[in-house]
Amino acid sequence: MHTVVVGTSGVTASDVLAVARGDARVELAPQAVAALAAAREIVDALAAEPDPVYGVSTGFGALATRHIGPQLRARLQRNIVRSHAAGMGPRVEREVVRALMFLRLRTLCSGHTGVRPEVAQTVVDVLNARITPVVHEYGSLGCSGDLAPLSHCALTLMGEGDAEGPDGTVRPAGDLLAEHGIRPVELREKEGLALLNGTDGMLGMLIMALADLDTLYKSADVTAALSLEALLGTDKVLAPELHAIRPHPGQAASAANMLAVLKGSRLTGLPRVAGAAHSGATAIPYEEPRVQDAYSVRCAPQVAGAGRDTVAHARLVAERELAAAVDNPVVLPDGRVESNGNFHGAPVGYVLDFLAIAAADLASIAERRTDRLLDKNRSHGLPPFLADDAGLDSGLMIAQYTQAALVSEMKRLAAPASADSIPSSAMQEDHVSMGWSAARKLRTAVDNLSRVIAVELYAATRALELREGRAPAPASQAAVEAVRAAGVRGPGPDRFLAPDLAAADAFVRGGGLVAAVEAVTGPLR
């Protein structure tokens, strides 16, 4: 099994994905153990001093003015975990919890938190035993860290609360730790606080969303190309020289992907039926040359490209955050323990919201292309709703309804959470990021985007099959055949009456569409 070694210099997005989604084993690097021990010596020295130090010998938040004597400090650290484990609502997904714990471990190992090496090792042991704390949807304001979610994780380290075992059964955490030979941690000065202060939940969800969006933006380029082809659109708008004069890198990449998919097509740029010329009493259809397409077709690279550039900016923020030590207070190399505001989630919260906006717009333009494919007045010769026998069956009419409902929800999810703030902790924490909320709604938006793309894929491949007598591009034909092979359509003559849109979604989300096309085009950008 793949092993991720955590040192003092942070981790990579690939490391996070390997642990969160792939259950990779985790180990502490020797330099991390040394850094943990060195920082702990500083905390122990300060704990022995008579002067109060925030997080070491004081209360927390609005209660920071109270000095806590040595005999009560272990109790103080236990109490902060217990009191802060106040989340409510549905359980958060297992992969999110594993990312949350792994990213907290990354900060612990930076040498800036002051916890003992055995605390970090307990986090490692819990991850490797595939024990997952029960974390709830609500409880984080995205400031002072993802407090409630991280507290539920810390509760498990103490052998308290509930957790899910490797068999998927939720049981008391103490029982699960005992079965795996893990000794519950007994927290000392600062350790409870250090386990709670971080942007780890929102950062973990950002990293996973970025990985999913990499696949979905390529998939959206493919389905946009398939729709252009099925609508007999012109691919001249994809010429590199046109995109070079507006040098947004994402736009150029999307146009290049679409052009690669359409290479060799005999459908693009065909004349369209424009009306009827009258010759005596007879109306004779005539054709116009293809000059330009609707915005949803012609501007596909501009919209998808803007989203790609937003993803690139979000990835830069994620990389910076992965290199950060997010805690309060922090142990500095010169021996100081200083309070700070680095736990504030604004940098991560903003890009989470940016991505939800971009995803909503990408879904919106995909839905408009689907609608054109289904409308006999705008599809240039395709049957109404792509039905086998329009009227006797409704074709993909309601599939487009479903797609429209998803897009409508995504527009609501695009309202930024990070523009909100609500005071807490007796006005000590009077401006918060709501980054956790931004991350939670982005996860829903990403799921919906995959579904929207899946509906366009189904409609576009169905439309291409109806263009008899004209060969689609080889890559397009590969996509059509891959959709058939994926079992998206039922057997027999009624195979289009009950489209398996869930199968189409799994095909897109799992990268099947991109893989099928890249087998012909080579790697997409």
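What you see is a predicted model, and the numbers here were worked out from it, not measured in a lab. Just so you know, these numbers use all the heavy atoms, side chains as well, and skip hydrogens, waters and symmetry mates.
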Side-chain heavy atoms of Leu150 within contact of Leu195, under 4.5 Å:
no

Parallel, tilted or perpendicular: which describes the rings of His344 and His431, with under 30° parallel and over 60° perpendicular?
parallel

Below 4.0 angstrom, N of the basic side chain to O of the carboxylate: do Glu93 and Arg98 qualify?
no

Checking Asp23 against Arg94 for the salt bridge (Lys or Arg N to Asp or Glu O under 4.0 Å) test, could you report, in this order, the C-alpha distance in whole Å, the side-chain angles of both residues, the deciding distance, and whether it holds?
CA-CA 11 Å; Asp23 286 347; Arg94 181 177 183 271; 3.0 Å; yes

Note, Ser418 side chain near Ser433 side chain (heavy atom, < 4.5 Å)
no

To the nearest 0.5 Å, how far apart are NE2 in His84 and CG in Asn197?
8.5 Å

For the CG atom of Leu457 and the OG atom of Ser450, what is their distance to the nearest 0.5 Å?
10.0 Å

Will you find, in the side chains of Asp15 and Thr12, an N or O donor that is under 3.5 Å from an N or O acceptor?
yes

Run the salt bridge (Lys or Arg N to Asp or Glu O under 4.0 Å) test on Asp212 and Arg21 for me, step by step, so that the C-alpha distance in whole Å, both residues' side-chain angles and the decisive distance to 0.1 Å come before the verdict.
CA-CA 12 Å; Asp212 294 337; Arg21 291 180 165 173; 3.1 Å; yes

One thing to verify: whether Asp214 and Lys218 come together as a salt bridge, which I'm taking to mean a side-chain N less than 4.0 angstrom from a carboxylate O.
no

Atom OH of Tyr350: over 12 foreign heavy atoms under 6.0 Å
no

Given 3.5 Å as the limit, does a donor-acceptor pair link the side chain of Glu191 with the main chain of Arg116, or not?
yes

Surrounding CD1 of Ile422 (heavy atoms of other residues, nucleotides or ligands, distance under 6.0 Å), is the total greater than 12?
no

Looking at every non-hydrogen atom in both residues, tell me the closest pair between Glu189 and Val56 and how far apart they are.
CG-O, 3.6 Å

Are Asp447 and Arg509 ion-paired here, with the side-chain N under 4.0 Å from a carboxylate O?
yes

Please tell me if the side chains of Leu206 and Leu355 come closer than 4.5 Å, counting only heavy atoms from C-beta onward.
yes

Does this structure show an ion pair linking Asp353 with Lys441, if we count only N-O contacts that are shorter than 4.0 Å?
yes

Which value, rounded to the nearest 0.5 Å, describes the distance between Leu362 atom CG and Ile357 atom CD1?
14.0 Å

Is a donor on one side and an acceptor on the other found under 3.5 Å between the side chain of His112 and the backbone of Val330?
no

Chi angles and distances behind the side-chain contact (heavy atoms from CB on, under 4.5 Å) call for Arg451, Asn448
CA-CA 5 Å; Arg451 295 170 181 134; Asn448 286 355; 2.8 Å; yes

Checking Ser364 side chain against Ala360 main chain: does a donor-acceptor pair fall under 3.5 Å?
no

Gap between atom SG of Cys153 and atom CG of Leu105 - 0.5 Å precision:
12.0 Å

Please check this pair: side chain of Trp436 against backbone of Gly349, looking for a donor-acceptor N/O pair closer than 3.5 Å.
no

Kindly indicate, with the supporting measurements, whether the criterion side-chain contact (heavy atoms from CB on, under 4.5 Å) is fulfilled by Val170 and Val134.
CA-CA 8 Å; Val170 175; Val134 171; 3.9 Å; yes

Donor-acceptor check, side chain of His313 to backbone of Asp309, threshold 3.5 angstrom: yes or no?
no

Non-hydrogen side-chain atoms of Leu28 and Pro117 separated by less than 4.5 Å
no

When rounded to the nearest 0.5 angstrom, what is the spacing between CD1 in Ile207 and CZ in Phe102?
9.0 Å

Please test Glu456 against Arg369 for side-chain contact (heavy atoms from CB on, under 4.5 Å), starting from the C-alpha separation and ending with a verdict.
CA-CA 8 Å; Glu456 183 182 18; Arg369 290 191 295 265; 2.7 Å; yes

Identify the two heavy atoms, one from Gly7 and one from Ala29, that lie closest to each other, and give their separation to 0.1 Å.
CA-CB, 3.9 Å

For the student: nearest non-hydrogen atoms of Leu108 and Ala194, plus distance
CD2-O, 3.9 Å

Look only at the side chain of Asn257 and the backbone of Leu524, and say whether a donor-acceptor pair between them is shorter than 3.5 Å.
no

To check you understand the geometry: which heavy-atom pair defines the closest contact between Val432 and Ser424, and what is its length?
CG1-OG, 4.4 Å

Side chains of Glu27 and Val4: closer than 4.5 Å at any heavy-atom pair?
no

Check Leu406 against Val452 and note the closest heavy-atom contact, atom names and distance.
CB-CG2, 3.8 Å

Give a yes or no answer on whether the side chain of Arg106 reaches the backbone of Leu103 with a donor-acceptor pair at less than 3.5 Å.
yes

Side chains of Ser254 and Arg308: closer than 4.5 Å at any heavy-atom pair?
yes

Separation of Lys190 NZ from Ser57 OG (nearest 0.5 Å)
12.5 Å

Will you find, in the side chains of Gln400 and Thr370, an N or O donor that is under 3.5 Å from an N or O acceptor?
no

Determine, stepwise, if the pair Thr8 / Gln31 fulfils side-chain hydrogen bond (donor to acceptor under 3.5 Å, both in side chains).
CA-CA 7 Å; Thr8 58; Gln31 66 266 34; 5.3 Å; no

Short question: side chain of Ser151, backbone of Leu147 - any donor-acceptor pair under 3.5 Å?
yes

Heavy-atom count around Glu338 CD within 6.0 Å, excluding the residue itself: above 12?
yes

Residues Asp146, Arg104: salt bridge by 4.0 Å N-O rule:
no

Just by distance, do the side chain of Ser296 and the backbone of Ile365 share a donor-acceptor pair under 3.5 Å?
no

For residues Ala148 and Gly87, report the shortest heavy-atom separation together with the two atoms involved.
CB-N, 4.1 Å

Are Asn342 and Asp327 side-chain neighbours, meaning at least one heavy-atom pair lies under 4.5 Å?
no

Output yes when Asp371 and Arg368 qualify as a salt bridge under the 4.0 Å nitrogen-oxygen rule, no when they do not.
yes

Arg443/Glu95 ion pair, N-O < 4.0 Å:
yes

Test side-chain contact (heavy atoms from CB on, under 4.5 Å) on Leu513 and Phe507 and set out the steps.
CA-CA 6 Å; Leu513 174 60; Phe507 180 64; 3.8 Å; yes

I'd like to check Arg171 versus Glu164 (side-chain heavy atoms, cut-off strictly below 4.5 Å). Are they in contact?
no

Please confirm whether the backbone N or O of His136 pairs with a side-chain atom of His152, one donor and one acceptor, at under 3.5 Å?
no

